[in-house]
Structures are given as C-alpha cells and as structure tokens.
Amino acid sequence: MLASSKGYNHQYSEQAPSLADIEQSQGYLLLEFGAPWCGHCQGVEPLLQSALHSVDELTHVKVFDGKGKRLGRVFKVTLWPTLILLKDGGELARLVRPTERSQIKSWLATK
C-alpha cells in the first residue's frame with residue numbers, strides 16, 4: 001500500500017509498496033530507493049526535503065532497498081539514492097545520487 005500523505009516523507013519503509021500499487025497509483029509519486037545508514041542517502045535528505053518543501057501534489061515514498069529487496073531490482077536500482085518520479089504509475093524521470101538542491105529542483109520541473 002502506498003503512503004497516503006503528500007509531500008516529504010522522513011522514514012524509510014521496510015515494507016515496500018507492491019508493483020501493482022505503484023502501477024495503479026494516480027497522480028505524481030516519487031520513489032526514493034536507499035537505506036537509512038547510507039551516507040549518500042543521508043547527504044541528499046536535507047536537499048530533497050528542501051526541494052519538496054513547495055511541492056505538495058506528489059506522494060514521496062522512501063523505499064528501504066538492499067539485498068533481497070525485490071522492488072529495487074524491478075526498477076533496476078544499482079546506486080543509492082535513486083529517485084524515480086512517476087505519474088499515474090508510469091516512470092517520467094530518474095535521478096541517481098543528486099548532490100545539489102538545484103539539481104533536484106530542475107529534475108522535478110520535468111513534471
């Protein structure tokens with residue numbers, strides 16, 4: 001099941017949404033694949049939070065990825081964090097290991 005709240009999500013979810021839930025989602029969905037102990041993921045957190053501050057029409061799901069986690073393999077995630085922007089269940093854009101807030105903001109502008 002997808003998170004019901006819009007905007008920035010602070011917590012990684014051990015229980016990833018199902019592929020069916022993602023494919024049936026309506027509107028904008030941001031999947032963030034990573035791990036809470038990952039230094040790159042920790043570094044992007046304040047940048048992403050700031051970039052999403054004024055974007056309230058999308059749902060942000062932080063997916064705890066790693067060995068044995070199927071959803072990351074379905075989306076071919078190889079590096080963390082990987083951000084995947086979807087609309088109505090279809091992938092619009094992907095961003096891997098962003099390092100600047102402006103990079104995230106311009107990427108989100110693709111929607």
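What's counted below: heavy atoms across the whole structure, side chains too, no hydrogens, waters or symmetry copies.
Between atom NE2 of residue His40 and atom CD of residue Glu45 there is a gap of 15.0 Å, rounded to the nearest 0.5 Å. With values rounded to the nearest 0.5 angstrom, Leu95 atom CG is found 10.5 Å from Ile84 atom CD1. Note that CG of Leu48 and NE2 of His53 are 13.5 Å apart. Values are rounded to the nearest 0.5 Å. From Leu30, atom CG reaches atom CG of Leu83 across 5.5 Å, with rounding to the nearest 0.5 Å. With values rounded to the nearest 0.5 angstrom, Lys87 atom NZ is found 4.0 Å from Tyr28 atom OH. Taking SG from Cys38 and OH from Tyr12, the interatomic distance works out to 6.5 Å, rounded to the nearest 0.5 Å.
Formation of a donor-acceptor pair under 3.5 Å by the Gln42 side chain with backbone atoms of Pro36 is found in this model. Between the Asp88 side chain and the Gly27 main chain, a donor and an acceptor come within less than 3.5 Å of each other. Using a distance-only test at 3.5 Å, with no hydrogens or angles considered, no donor-acceptor pair links the side chain of Ser50 to the main chain of Pro46. The closest donor-acceptor contact from the side chain of Gln103 to the backbone of Thr99 lies under 3.5 Å.
Contact between Phe75 and Leu19 at its shortest, heavy atoms only, is CE1-CD1, 4.2 Å. Considering all non-hydrogen atoms of both residues, Arg101 and Ala51 come closest at NE-N, 4.0 Å. Taking every heavy atom of both residues into account, Leu71 and Pro17 meet most closely at CD2-O, 3.6 Å. When every heavy atom of Arg73 is checked against every heavy atom of Asp65, the shortest pair comes out as NH2-OD2, 2.9 Å.
Under the side chain to side chain donor-acceptor pair (under 3.5 Å) criterion, Glu14 pairs with Lys69, not counting sequence neighbours.
Residues Val74 and Phe33 fall within the same hydrophobic cluster, defined by Ile, Leu, Val, Met, Phe, Trp and Tyr side chains chained together at heavy-atom separations under 4.5 Å. Side-chain heavy atoms closer than 4.5 Å link hydrophobic residues (I, L, V, M, F, W, Y) into clusters, and following such links, even through other members, never connects Leu79 to Val44.
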Going through the distances and angles, do Gln15 and Phe64 end up as a side chain to side chain contact (heavy atoms under 4.5 Å, CB included)? CA-CA 8 Å; Gln15 185 68 26; Phe64 194 159; over 6 Å; no

Candidate pair Leu58 and Leu108, rule side chain to side chain contact (heavy atoms under 4.5 Å, CB included), full reasoning: CA-CA 10 Å; Leu58 71 84; Leu108 285 172; 4.3 Å; yes

Check step by step if side chain to side chain contact (heavy atoms under 4.5 Å, CB included) holds for Leu85 and Arg94. CA-CA 6 Å; Leu85 182 63; Arg94 181 179 295 238; over 6 Å; no

For side chain to side chain contact (heavy atoms under 4.5 Å, CB included), just list the numbers for Gln11 and Lys62, CA-CA rounded to whole Å, side-chain angles, deciding distance to a tenth of an Å, and then say yes or no. CA-CA 6 Å; Gln11 298 292 328; Lys62 291 178 84 154; 5.9 Å; no

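Leu86 is listed as a side-chain neighbour of Leu31, based on a closest heavy-atom distance under 4.5 Å. No side-chain heavy atom of Lys105 sits under 4.5 Å from any side-chain heavy atom of Glu100.
In the displayed structure, Arg70 atom CZ is contacted under 6.0 Å by at most 12 heavy atoms of other residues, nucleotides or ligands.
Using bins of under 30°, 30° to 60° and over 60° for the plane-to-plane angle, the ring pair Trp37/Trp80 lands in the perpendicular bin.
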